[in-house]
Amino acid sequence: MALRAALRNKSGLSSLLSQRSSCHSHGRVCLSPVLVAQRRNNSTSPKIKVDFDQSTGVAVMQMQSPPVNSLSLDFLTEFCIGVEKLEMDKSCRGLIITSNQPKVFSAGLDIMEMYGKSPERCGEFWRAVQEMWLKLYSSNLVTIAAINGSSPAGGCLMSITCDYRIMADNPRYSIGLNETQLGIVAPFWFKDTMTNTVGHRTTEIALELGLLYNPSEALKIGLVDQLVPEDQVLTTATQTMAKWLAIPDHARQITKSMMRKPTIDKLTSNREADIQNFVSFITKDSIQKSLRMYLEMLKKRKG
Amino acid sequence: MALRAALRNKSGLSSLLSQRSSCHSHGRVCLSPVLVAQRRNNSTSPKIKVDFDQSTGVAVMQMQSPPVNSLSLDFLTEFCIGVEKLEMDKSCRGLIITSNQPKVFSAGLDIMEMYGKSPERCGEFWRAVQEMWLKLYSSNLVTIAAINGSSPAGGCLMSITCDYRIMADNPRYSIGLNETQLGIVAPFWFKDTMTNTVGHRTTEIALELGLLYNPSEALKIGLVDQLVPEDQVLTTATQTMAKWLAIPDHARQITKSMMRKPTIDKLTSNREADIQNFVSFITKDSIQKSLRMYLEMLKKRKG
Amino acid sequence: MALRAALRNKSGLSSLLSQRSSCHSHGRVCLSPVLVAQRRNNSTSPKIKVDFDQSTGVAVMQMQSPPVNSLSLDFLTEFCIGVEKLEMDKSCRGLIITSNQPKVFSAGLDIMEMYGKSPERCGEFWRAVQEMWLKLYSSNLVTIAAINGSSPAGGCLMSITCDYRIMADNPRYSIGLNETQLGIVAPFWFKDTMTNTVGHRTTEIALELGLLYNPSEALKIGLVDQLVPEDQVLTTATQTMAKWLAIPDHARQITKSMMRKPTIDKLTSNREADIQNFVSFITKDSIQKSLRMYLEMLKKRKG
């Protein structure tokens with residue numbers, strides 16, 4: 001489905017291929033999901049590293065799924081289990097999410113989970129995407145995204161579920177819900193989370209055009225809360241977390257739930273329909289054909 | 001109903017009369033609808049000129065109903081037919097709306113459609129206003145308003161239904177939903193469109209005070225997206241259109257619909273009630289009496 | 001319930017005690033409600049002074065309940081009666097709310113109304129808080145808050161119900177819904193009013209962290225509309241009122257109601273449940289125990 005965008009964007013594409021699939025803001029289209037597929041390694045090494053500091057109550061989750069922390073079914077499953085464990089640990093109060101992959105926070109949904117898969121498998125994948133969003137957006141923990149690289153599509157979604165977003169002030173990085181540029185559509189709960197973050201009009205133009213914003217643009221529209229030099233993203237996140245933890249948990253949690261519950265309820269009460277909707281779209285012959293041509297083209301270019 | 005505003009604003013009124021009814025931002029009250037009535041010409045020459053460039057897929061609609069492109073029943077009917085034709089033409093993907101009348105984009109609803117008319121006729125008029133909004137706000141085309149003059153009330157409404165707004169950077173022009181200043185009330189779907197564009201608080205203050213904004217103010221609150229010198233409005237609109245058309249239509253259209261559907265549904269499911277509401281308000285003796293006195297006063301001043 | 005915040009904030013607390021309980025932005029926690037209790041005088045002198053100028057149609061309400069205009073049941077009752085009288089007086093069109101206590105507009109809800117009281121009494125108090133909000137948020141009058149001092153919690157709520165907010169440009173003053181900092185939660189209608197004023201994301205972060213903003217921060221996020229030197233707050237309010245009164249009342253009132261009705265309906269249709277919710281929270285042993293310890297600590301410090 002990224003075909004049209006890809007064809008329009010050949011230079012971006014070849015630079016991606018030559019630069020080991022980091023996610024660019026130049027071409028303004030993130031194609032990395034497919035590249036992930038090319039490089040996928042099937043090792044069972046953990047895709048997420050969790051460091052929990054009992055003394056502070058703060059856990060740091062480092063996404064470490066090369067090359068671009070694509071959100072595959074395996075990744076999402078591991079991620080959700082990780083969040084759930086922390087959520088159930090009474091001594092854990094805060095969660096910082098970051099990446100240990102260079103130049104990218106997360107490139108978003110893994111396109112290989114959508115190509116040549118059975119409807120059942122596609123449904124399973126989509127349920128995992130929903131689960132990740134539900135877990136993060138309704139988390140009782142203070143959640144801070146330490147965005148130390150590009151964060152398109154699903155990576156942006158993950159970021160805007162957090163309570164606070166700190167981004168590396170590197171103009172080569174970008175963040176946004178760019179699905180439309182790839183010919184697909186951000187589902188309503190992506191849209192709702194974005195609207196809750198940057199308002200209706202900015203969301204409308206961002207989603208219609210599939211805009212990716214560089215850090216200063218993202219700060220200006222409120223898509224991120226703070227920019228810091230790249231090497232200070234994690235330390236700033238830790239300092240910010242301390243301020244958030246100064247607030248009584250119970251009052252903060254009820255307040256957070258009050259702000260987010262209507263948005264969460266919309267998905268929980270439409271979850272199966274949303275899965276059906278995704279599956280019937282993605283398994284369309286036309287969509288699958290586009291995906292195949294796209295992957296073949298990539299192979300040729302690589303060859 | 002514009003009586004009180006008019007009486008309060010005599011200088012604005014006489015300058016309007018002496019300057020051939022262009023729409024002013026000085027007095028901050030647009031009185032042109034009545035003046036239109038004075039100068040109305042009943043020719044059946046087209047009120048809208050459509051240029052469709054098959055090679056780009058972009059149509060330009062020029063409003064050409066002297067002197068101020070007032071939205072009469074005839075105008076609205078012609079406008080809606082024009083939009084519908086383009087909408088049904090598969091080769092048309094984008095629509096630029098502009099004016100070829102000097103100093104004004106559109107002065108809004110034609111007050112003469114509301115004075116001395118039967119309830120049936122008033123209802124027919126209001127249905128046409130609704131239709132114009134429904135057509136534009138739900139259009140599958142990329143719609144860009146090339147606002148090359150003042151754009152009060154219904155002219156502002158027309159602008160904010162578009163996907164993007166480019167305004168001439170001329171401080172004498174103004175834009176806004178100024179109904180309250182004239183003693184009338186913007187209906188809920190005007191209000192909803194405004195809220196979707198500039199947010200709840202800005203809409204509240206804008207509508208309670210009937211504010212008209214000059215171009216830089218309008219840009220600041222997000223009522224328009226871009227200012228350019230007056231002679232570049234149309235070329236900028238054309239260049240901007242090209243960027244929007246780089247996005248796959250299908251994905252953009254679904255996204256646009258997702259953003260706007262709840263607002264559209266509110267009117268479609270309350271359309272008859274909204275018409276009844278308008279008709280019973282406008283046909284009130286007190287309102288009609290105000291209109292008559294207002295028109296008589298204008299005649300005297302002219303005489 | 002303010003215990004944790006208080007213990008965390010000893011310096012702020014002692015400075016409050018030594019400075020006659022004015023409301024500080026330094027410590028960023030407003031503890032004055034309890035101090036009010038310490039100094040409460042049970043005289044039946046009016047807590048609100050109303051000056052109504054028949055010639056302009058504008059009433060000025062000065063809150064004069066020492067030391068910090070805490071919103072006690074008596075205060076709220078008197079306040080609501082005052083507003084209702086003006087509302088019913090056809091010659092009254094505008095209401096300016098201000099304080100004649102030094103350094104504070106209003107410190108918010110009186111904590112003594114929540115400590116050691118019967119469930120019935122707590123319910124009565126909460127109904128009065130609801131009533132104040134309902135009266136102000138749905139007022140047919142033009143309402144302007146002349147914020148000439150700090151305005152935390154309930155004081156902020158009172159301000160954001162108004163049509164327009166003018167604040168003294170004194171960096172020592174602050175405004176915000178800081179309930180979370182005290183371990184309590186702003187109810188949904190506080191949250192809704194805040195969202196209508198500054199948008200969803202700003203409200204989320206403000207309420208989760210219980211933020212108090214200094215005047216320039218408050219202006220930046222749109223929590224207040226205008227800053228003026230302290231001695232010009234009231235005169236500016238009067239001048240601004242004249243502009244608002246230039247708008248025909250009827251059109252402005254319908255417009256205001258259209259903007260606010262959904263928010264008001266949410267409380268009116270959930271009023272009893274909201275009272276039950278408050279009473280069951282505030283009469284919890286754990287909450288009452290925290291209050292007692294807090295008050296005892298204050299006594300010791302005073303002694």
Side-chain angles (χ1 to χ4, degrees), chain B residues 1-10 12 27-29 153 176-212 220-222 262-263 266 270 274 277-278 280-282 284 286-287 290 294, chain C residues 93-94 137-145 159-166 191-203 206 218-226 239-266:
Chain B
M1 57 218 168
L3 246 190
R4 269 186 285 191
L7 293 172
R8 213 180 306 118
N9 219 317
K10 289 184 189 173
R28 294 258 146 176
V29 177
L177 295 177
N178 60 323
E179 282 79 357
T180 321
Q181 282 216 22
L182 309 181
I184 56 176
V185 177
F188 72 88
W189 37 289
F190 283 50
K191 179 263 291 175
D192 288 342
T193 318
M194 185 75 167
T195 302
N196 288 349
T197 309
V198 299
H200 188 280
R201 172 57 183 160
T202 303
T203 300
E204 186 178 74
I205 203 167
L207 263 59
E208 282 203 45
L209 291 174
L211 294 179
L212 288 172
K220 200 178 164 195
I221 64 166
T263 307
K266 265 178 73 182
N270 287 288
D274 183 61
N277 191 40
F278 171 77
S280 72
F281 174 80
I282 211 69
K284 273 195 181 111
S286 58
I287 301 291
S290 296
Y294 180 44
Chain C
R93 300 175 63 212
Y137 205 54
S138 69
S139 175
N140 268 327
L141 307 171
V142 174
T143 52
I144 295 182
S159 302
I160 56 179
T161 62
C162 290
D163 289 309
Y164 198 78
R165 285 162 285 289
I166 298 160
K191 180 262 292 176
D192 289 343
T193 318
M194 184 77 167
T195 302
N196 288 349
T197 309
V198 299
H200 189 281
R201 171 56 183 161
T202 303
T203 299
L219 181 68
K220 200 177 165 195
I221 64 166
L223 188 53
V224 301
D225 297 301
Q226 195 177 347
Q239 288 156 8
T240 304
M241 182 61 81
K243 287 185 205 166
W244 282 72
L245 294 182
I247 305 297
D249 283 341
H250 188 61
R252 184 190 48 72
Q253 287 161 356
I254 297 177
T255 302
K256 181 173 178 176
S257 165
M258 182 172 62
M259 293 302 302
R260 299 185 169 193
K261 192 168 182 305
T263 307
I264 289 165
D265 287 350
K266 264 178 75 181

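Naming convention: chains lettered A, B, ... in sequence-line order (proteins, then strands); numbering from 1 in each chain. Computed from a prediction, not measured in an experiment: that's the story for all the values here.
- To the nearest 0.5 Å, atoms CZ (Arg201(B)) and CE (Met194(C)) are separated by 13.0 Å.
- Under the 4.5 Å side-chain criterion, counting only non-hydrogen atoms from C-beta, Asn196(C) is not in contact with Glu204(B).
- Between Gly183(B) and Pro248(C), the shortest heavy-atom distance links the atoms CA-CG, 3.7 Å.
- For the pair Gln181(B)/Ile247(C), a side-chain contact is recorded, criterion being any heavy-atom separation below 4.5 Å from C-beta on.
- Interface remark: Thr203(B) contributes backbone and side-chain atoms alike to the contact with chain C (heavy atom separation under 4.5 Å).
- Note that CZ of Arg252(C) is 9.0 Å distant from CG of Leu209(B), once rounded to the nearest 0.5 Å.
- Heavy atoms closer than 4.5 Å to chain B are found in both the backbone and the side chain of Asp163(C).
- Remark: Ile205(B) CD1 to Thr255(C) OG1 distance equals 13.0 Å, nearest 0.5 Å.
- With a 4.5 Å cut-off on side-chain heavy atoms, Met259(C) and Thr195(B) count as touching.
- Summarising the geometry of Val185(B) relative to Met258(C), their closest heavy-atom pair is CG1-CE, 4.4 Å, with the distance given to 0.1 Å.
- Atoms CG and NE2, from Asp192(C) and His200(B) in turn, are 9.5 Å apart once rounded to the nearest 0.5 Å.
- The ring pair (Phe, Tyr, Trp, His ring centres under 6.0 Å) search around Phe278(B) returns Trp126(B), not counting sequence neighbours.
- For Thr193(C), the side-chain contact (heavy atoms from CB on, under 4.5 Å) partners at least two apart in sequence or on another chain are Trp133(C), Tyr137(C), Leu157(C), Ile160(C).
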